[in-house]
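This report concerns only the one structure given below.
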Number of protein chains: 2
Amino acid sequence: MRIGELAKRTGASVRSLRYYEEQGLLTSTRSASGQRHYTEDEVDRVTFIQRLYAAGLPSRTIIELLPCVDAPSEGNSDAAMEHMERERDRLTGHIAELARTRDALDGLIATGRTYQERLRSGASV
Amino acid sequence: MRIGELAKRTGASVRSLRYYEEQGLLTSTRSASGQRHYTEDEVDRVTFIQRLYAAGLPSRTIIELLPCVDAPSEGNSDAAMEHMERERDRLTGHIAELARTRDALDGLIATGRTYQERLRSGASV
DNA sequence: CTTGCCCCTCACATCAATGTCAGGTTTTAG
DNA sequence: CTAAAACCTGACATTGATGTGAGGGGCAAG
């Protein structure tokens, strides 16, 4: 498929796809005239890339993780495994902090609701 | 306390604190000579602001949420409550997606480990 | 008074991902 | 064949939070 379709299928912009390639996250075969062609596999790959981007990983990091996805274990493994575990832990910590933030928001919301209840039941300001 | 101490206490850079003020997220009293002074309360406030920033909320959004923190319910409540709930939900969704990403990483790690086991036990490549 | 440190404002730089525009070629549909 | 739609490269713009540097006060200790 060509770049436009890949974009439609993944929700990424054409610009972003070219950028991913420029960063070495994505490869394409070129037609004689220079147009990029992709296989079905690239859909999943782009989806995964987007997921990592959404998780806040910079492309520097993603590019070091992707080899593990491509070849589910070659020579690179040792350092790569450590890398992935480190990122996983970072992510876990980040998730925990976000959860705390959400709880703080919930607390504020609860406070607000209580206040509104009191108002509605006729208390004075 | 002056800005340097607030920075030390919160871990935010002096530059960031001034930026927060510029964005209307933080206020300070000024000494005759123009230096910013803060109370103990600002420590918590900055911490909360940092938390929201870390959660990916842009200052536009934070600025609309903070009134709820300041006055745990005034006239603003109705729209503000909705706003907070929307942000809470957005955050919840985001957390879920991050969890999925982490699980995907875990899967890759598990695959890698299995492979290494096999290698170590003497299987051929 | 001087030295050192903290503070002030203003303004420009940075980074990363993405948007956008220009000028030109290729593919597709009528 | 022709026009529209999709593609190409290259380059500049944008956004948001923050870094950094210039140039200049304020204030405490020696």
Side-chain angles (χ1 to χ4, degrees), chain A residues 1-39 42-43 45-66 87 90-91 94 97-98 101, chain B residues 1-39 42-43 45-66 87 90-91 94 97-98 101:
Chain A
M1 85 193 78
R2 290 187 300 167
I3 200 170
E5 193 180 340
L6 183 59
K8 241 173 253 164
R9 303 264 297 264
T10 60
S13 70
V14 168
R15 176 67 173 89
S16 293
L17 294 178
R18 290 201 266 248
Y19 177 74
Y20 297 164
E21 179 169 330
E22 192 184 335
Q23 297 304 303
L25 306 179
L26 192 60
T27 44
S28 59
T29 58
R30 298 298 189 106
S31 74
S33 63
Q35 300 207 340
R36 294 169 176 85
H37 284 266
Y38 303 93
T39 67
E42 316 298 340
V43 175
R45 190 185 181 86
V46 170
T47 302
F48 190 65
I49 291 173
Q50 287 182 300
R51 192 176 288 297
L52 293 181
Y53 267 122
L57 307 205
S59 49
R60 287 186 73 83
T61 305
I62 299 180
I63 207 178
E64 295 176 21
L65 251 44
L66 278 179
E87 282 308 320
R90 217 185 50 75
L91 206 48
H94 189 55
E97 184 166 332
L98 290 192
T101 303
Chain B
M1 85 193 78
R2 290 187 298 170
I3 201 171
E5 193 181 339
L6 183 59
K8 242 173 251 163
R9 302 264 297 266
T10 60
S13 71
V14 168
R15 175 68 173 89
S16 293
L17 293 177
R18 290 201 266 249
Y19 177 74
Y20 297 164
E21 179 169 329
E22 194 184 335
Q23 298 302 304
L25 306 179
L26 191 59
T27 45
S28 58
T29 58
R30 298 297 188 107
S31 74
S33 62
Q35 302 205 341
R36 293 171 176 84
H37 284 267
Y38 303 93
T39 67
E42 316 299 340
V43 176
R45 189 187 183 85
V46 170
T47 302
F48 191 65
I49 291 173
Q50 287 182 299
R51 193 177 286 298
L52 293 181
Y53 267 122
L57 308 206
S59 48
R60 288 187 73 82
T61 305
I62 300 180
I63 206 178
E64 295 175 22
L65 251 44
L66 278 180
E87 282 306 323
R90 215 185 51 75
L91 206 48
H94 190 54
E97 183 166 331
L98 289 192
T101 303

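Note that these values count all heavy atoms, side chains included, but never hydrogens, waters or copies made by symmetry. Proteins come first, then strands; the chains are lettered A, B, ... in the order of their sequence lines, and each starts at number 1. If you're wondering where the values come from, they're calculated on a predicted model, not measured in any experiment.
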> According to a strict under-4.0 Å criterion, is A:Y20 in side-chain N/O contact with OP1 or OP2 of C:dT18?
Replying inline: yes
> Over how many whole Å does the gap from B:E22 atom CD to D:dA17 atom P extend?
Replying inline: 11 Å
> Which is it for B:L66 and B:R45 under the side-chain contact (heavy atoms from CB on, under 4.5 Å) test, yes or no, and what are the steps along the way?
Replying inline: CA-CA 9 Å; B:L66 278 180; B:R45 189 187 183 85; 3.7 Å; yes
>> What is the separation between atom CZ on B:R2 and atom C1' on C:dC5, rounded to the nearest whole Å?
In response: 9 Å
Show the distances under 3.5 angstrom between N or O atoms of the protein and N or O atoms of nucleotides 19-22 of chain C.
| from | atom 1 | to | atom 2 | distance (Å) |
| --- | --- | --- | --- | --- |
| C:dG19 | OP2 | A:S13 | OG | 2.6 |
| C:dG19 | N7 | A:R15 | NE | 3.4 |
| C:dG19 | O6 | A:R15 | NH2 | 3.1 |
| C:dT20 | O4 | A:R15 | NE | 3.2 |

> Over how many whole Å does the gap from A:E5 atom CD to D:dA6 atom C1' extend?
Replying inline: 12 Å
> Given the rule in the side-chain contact (heavy atoms from CB on, under 4.5 Å) test, do B:R18 and B:I3 qualify, once you have shown the distances and angles that lead to the verdict?
Replying inline: CA-CA 9 Å; B:R18 290 201 266 249; B:I3 201 171; 3.5 Å; yes
>> Both A:S31 and A:Y19 contact DNA chain C. Taking the nearest nucleotide for each, which residue is further toward the 5' end?
In response: A:Y19
> Rounded to whole angstrom units, what separation is found between the OH atom of A:Y38 and the P atom of D:dC8?
Replying inline: 7 Å
> Looking at side-chain heavy atoms only, is the closest gap between A:E42 and A:L26 below 4.5 Å?
Replying inline: yes
> Among the nucleotides D:dC8, C:dT9, D:dT18, which one has an atom lying closest to any side-chain atom of B:R36?
Replying inline: C:dT9
>> Counting C-beta onward and ignoring hydrogens, is there a side-chain heavy-atom pair between B:L57 and A:T101 closer than 4.5 Å?
In response: no
> The side chain of A:R18 lies closest to which of these nucleotides: D:dA17, C:dC7, D:dT9?
Replying inline: D:dT9
>> For a side-chain contact (heavy atoms from CB on, under 4.5 Å) check, start with the C-alpha distance between A:Q50 and A:V46, then their side-chain angles and the critical distance, and finish with the verdict.
In response: CA-CA 6 Å; A:Q50 287 182 300; A:V46 170; 4.1 Å; yes
At a cut-off of 3.5 Å, list every protein nitrogen or oxygen paired with a nitrogen or oxygen from nucleotides 23-25 of chain C, distance to 0.1 Å.
none

>> If I compare all heavy atoms of B:T39 with all of B:M1, which pair ends up nearest, and what's the gap?
In response: O-CE, 3.6 Å
> Among pairs that include at least one residue of residues 29-38 of chain A, which meet side chain to side chain donor-acceptor pair (under 3.5 Å), considering only residues two or more places apart or in two chains?
Replying inline: A:R2-A:Q35, A:E21-A:R30, A:E21-A:R36, A:S31-A:S33
> B:L57 has an atom CG; how far is it from atom P of D:dT15, in whole Å?
Replying inline: 20 Å
> Which sits closer to the 5' end of DNA chain D, B:Y53 or A:R30, going by the nucleotide each is nearest to?
Replying inline: A:R30
> What integer distance in Å separates B:R60:CZ from D:dT15:P?
Replying inline: 11 Å
> Whole-Å distance between D:dT18 C1' and B:E21 CD?
Replying inline: 16 Å
